[in-house]
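Read through the structure below, which is laid out as structure tokens, and then see the notes.
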Amino acid sequence: EILHHSPDRPPPSPSAPETHKEASSTGAHELALAISRHQLLPYYQPQIDLKSGTITGVEVLARWPHAEKGFIPPDHFIPLAEKHRLIHDLTLEIAGQAFAQAAHWRRSGVHLTVAVNLSPRLLDLPDFVSEVDALLQQYQLPAAQVIWEVTESSLAADLGIALANLARLRLKGFGLSIDDYGTGFSSMQQLSRIPFTELKIDRSFVHRAHQREHLRVILQSALDMAHKMSLVTVAEGIETLEDWKLLREFGCNLAQGYFIAKPMPSETFTGWVKTQNTRRHGRRGS
Ligand code: C2E
Ligand code: MG
Ligand code: MG
Ligand code: MG
């Protein structure tokens, strides 16, 4: 994914030359600095109700605009943050900015859920739940407006520890989403022990569906199962009109993907929402 948007703030030039800088990779030290200097930014990708076509929320995706290297992909800096114990600071930084934004939208009458990606490593920390609760208080945001996304594959390893904190998050009123569903190896038995509110079907699955009959069968079964468990269903990676139509026909609740919009910085997002409203309004009026 290549983003052409300019970041919210221009990345400042590094203050001092680094003596131990690795030639090929962007290191943990730089990431720690970027986090502490608030250089990591939340981008927002809309989620649309497939029946009504209205926007219901956003997924928050971290972006690292690097002074010399452009945007560093999350697939690089998230594992780096996990490895070097920076994921806690990173998550609180991104969630804090996103909560502030959601509270701002809320004050202007726009009620959107914000879905934040949650590394399973944070579920081992005893204080994490109270920390995010404090963030909510700070921004006067109801917990029901926040959804934590946890990937199916990350849970399979040590469900025991994660389970207690996931339950605590749910009790606080947060939504809980199974991310990248279909790519992991979790059993129905495991998944049913976690009080999830939402199931997000992995994009690899969404794409191949209209070409392959057997995948459509699995897709439909997953949606049926999720709906019978009263879970909201989200299809990620909706890239074409075909994808959109198929998922709508199959009764999936929400759609997210490039067909609708790429992840955007807050200003671009605000503008995008306005054009959507104008378009809908115009259609209704005509
Ligand atoms: P994810 O949570 O599954 O996020 C969806 C990814 O799919 C995002 O990639 C998004 O930009 C991309 N995407 C959205 N629509 C489409 C589409 O139509 N087609 C394709 N091909 N891709 C689409 P991104 O932003 O590069 O993030 C990659 C992963 O990094 C995320 O996967 C998530 O696991 C992780 N990540 C991103 N931000 C954070 C964060 O703040 N915290 C944590 N723990 N992980 C994060
Ligand atoms: Mg996600
Ligand atoms: Mg996903
Ligand atoms: Mg993913």
Side-chain angles (χ1 to χ4, degrees), residues 1-5 7 31 34-35 38-48 57-65 70-99 101 113-125 128 132 135 146-155 162 175-184 196 198-209 232-244 246-247 252 254-265 268-269:
E1 175 199 355
I2 298 156
L3 287 157
H4 300 285
H5 304 296
L31 178 57
I35 296 167
H38 312 290
Q39 287 165 3
L40 263 69
L41 304 169
Y43 269 42
Y44 302 94
Q45 189 177 31
Q47 297 182 331
I48 306 290
V58 291
E59 177 173 5
V60 180
L61 295 154
R63 292 291 179 266
W64 181 9
F71 284 87
I72 313 284
D75 290 336
H76 173 70
F77 71 78
I78 296 295
L80 191 67
E82 287 175 336
K83 189 174 167 205
H84 296 273
R85 298 169 181 272
L86 298 168
I87 193 67
H88 182 225
D89 287 349
L90 185 153
T91 304
L92 291 181
E93 171 67 20
I94 292 296
Q97 290 191 53
F99 289 6
Q101 186 62 62
T113 59
V114 283
V116 183
N117 291 286
L118 181 56
S119 165
R121 301 198 179 214
L122 296 175
L123 294 169
D124 295 351
L125 303 178
F128 182 71
V132 293
L135 269 186
V146 177
I147 299 167
W148 295 105
E149 293 191 2
V150 190
T151 59
E152 187 204 3
S153 52
S154 72
L155 277 176
L176 293 180
S177 182
I178 313 168
D179 202 353
D180 300 351
Y181 181 75
T183 59
F196 282 116
E198 182 183 276
L199 184 137
K200 266 186 108 161
I201 298 181
D202 190 68
R203 67 163 180 264
S204 57
F205 216 71
V206 169
H207 284 315
R208 285 183 255 151
V232 173
T233 48
V234 186
E236 62 174 31
I238 297 277
E239 287 189 359
T240 63
L241 181 61
E242 271 176 313
D243 295 342
W244 172 280
L246 184 76
L247 272 296
C252 184
L254 304 176
Q256 181 185 337
Y258 297 164
F259 178 66
I260 301 146
K262 282 197 166 187
M264 300 168 266
T268 314
F269 179 81

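Counting starts at 1 for both ligands and their atoms, in listed order. All values reported here derive from a predicted model rather than from experimental measurement.
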Can you name the closest pair of heavy atoms from Q47 and L254 and give their distance?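 The pair with the smallest heavy-atom distance is OE1-CD1, 4.3 Å.
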Tell me the closest heavy-atom pair linking V206 and D243, and the distance in Å.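 The pair with the smallest heavy-atom distance is O-OD1, 4.2 Å.
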Side chain to side chain contact (heavy atoms under 4.5 Å, CB included) for L90 and I78? Distances and angles first, verdict last. CA-CA 9 Å; L90 185 153; I78 296 295; 4.1 Å; yes
My understanding is that only residues two or more places apart in sequence, or in another chain, count here; which of them pass ring pair (Phe, Tyr, Trp, His ring centres under 6.0 Å) with F205?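 Partners of F205 under the ring pair (Phe, Tyr, Trp, His ring centres under 6.0 Å) test: none.
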Heavy-atom distance to [atom]: which of [options] wins?
{"atom": "atom 39 (C) of ligand 1", "options": "T240, L61, I78", "value": "I78"}
{"atom": "atom 6 (C) of ligand 1", "options": "E59, E236, R203", "value": "R203"}
{"atom": "atom 41 (O) of ligand 1", "options": "P120, S119, A62", "value": "A62"}
{"atom": "atom 20 (C) of ligand 1", "options": "E239, H76, K200", "value": "E239"}
{"atom": "atom 42 (N) of ligand 1", "options": "I87, N117, V206, D202", "value": "N117"}

Evaluate the ring planes of F269 and Y44, with Trp represented by its six-membered ring, and classify them as parallel (under 30°), tilted (30 to 60°) or perpendicular (over 60°).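 Answer is tilted, since the angle falls between 30° and 60°.
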Should the ring pair Y43 and F71 be called parallel, tilted or perpendicular, given that the plane angle runs from 0 to 90° and is split at 30 and 60?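 Judged by the thresholds at 30° and 60°, the geometry between Y43 and F71 is perpendicular.
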Per-atom contacts of ligand 1 with [X], taking only distances under 4.0 Å to non-hydrogen atoms:
{"X": "D75", "result": "28 (C), 29 (C), 30 (O)"}
{"X": "P263", "result": "11 (O)"}
{"X": "Q45", "result": "14 (C), 15 (N)"}
{"X": "P74", "result": "24 (P), 25 (O), 26 (O), 27 (O), 30 (O), 37 (C)"}
{"X": "D180", "result": "3 (O)"}

For the residue pair [X] and [Y], confirm or rule out a side-chain donor-acceptor distance under 3.5 Å.
{"X": "E59", "Y": "Q45", "result": "no"}
{"X": "Q97", "Y": "E93", "result": "yes"}
{"X": "E198", "Y": "S177", "result": "yes"}

Can you tell me if P73 contacts ligand 1 (heavy atom of the residue under 4.0 Å from the ligand)?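 Outside the 4.0 Å threshold, so no.
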Could you tell me if any non-hydrogen atom of K262 lies under 4.0 Å from any atom of ligand 1?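 K262: no contact with ligand 1 (<4.0 Å).
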Does ligand 1 come near enough to [X] that some N or O of the ligand is less than 3.5 Å from an N or O of the residue?
{"X": "T91", "result": "no"}
{"X": "H207", "result": "no"}
{"X": "F259", "result": "no"}
{"X": "Q256", "result": "no"}

Which of the N/O/S atoms in [X] sits closest to the Mg ion (ligand 2)?
{"X": "E59", "result": "OE2"}
{"X": "D179", "result": "OD2"}
{"X": "E149", "result": "OE1"}

May I ask you to identify, for T151, whether its side chain, its backbone, both or neither come under 4.0 Å of ligand 1 on a heavy-atom basis?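 Neither; nothing of T151 gets under 4.0 Å from ligand 1.
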Side-chain touch [X]/[Y], heavy atoms, less than 4.5 angstrom:
{"X": "I94", "Y": "N117", "value": "no"}
{"X": "P46", "Y": "M264", "value": "yes"}
{"X": "T183", "Y": "S204", "value": "yes"}

Say whether, by atom type as modelled, one donor and one acceptor occur between the side chain of E152 and the main chain of G184 under 3.5 angstrom.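 Yes.
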I need the OE1(E236)-the Mg ion (ligand 3)-OD1(D180) angle, rounded to 10 degrees.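 About 120°, to the nearest ten degrees.
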Using a distance threshold of 2.8 Å, state whether an N, O or S atom of S177 lies below it from the Mg ion (ligand 2).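 Here the distance criterion (N, O or S atom, under 2.8 Å) is not met by S177, so no.
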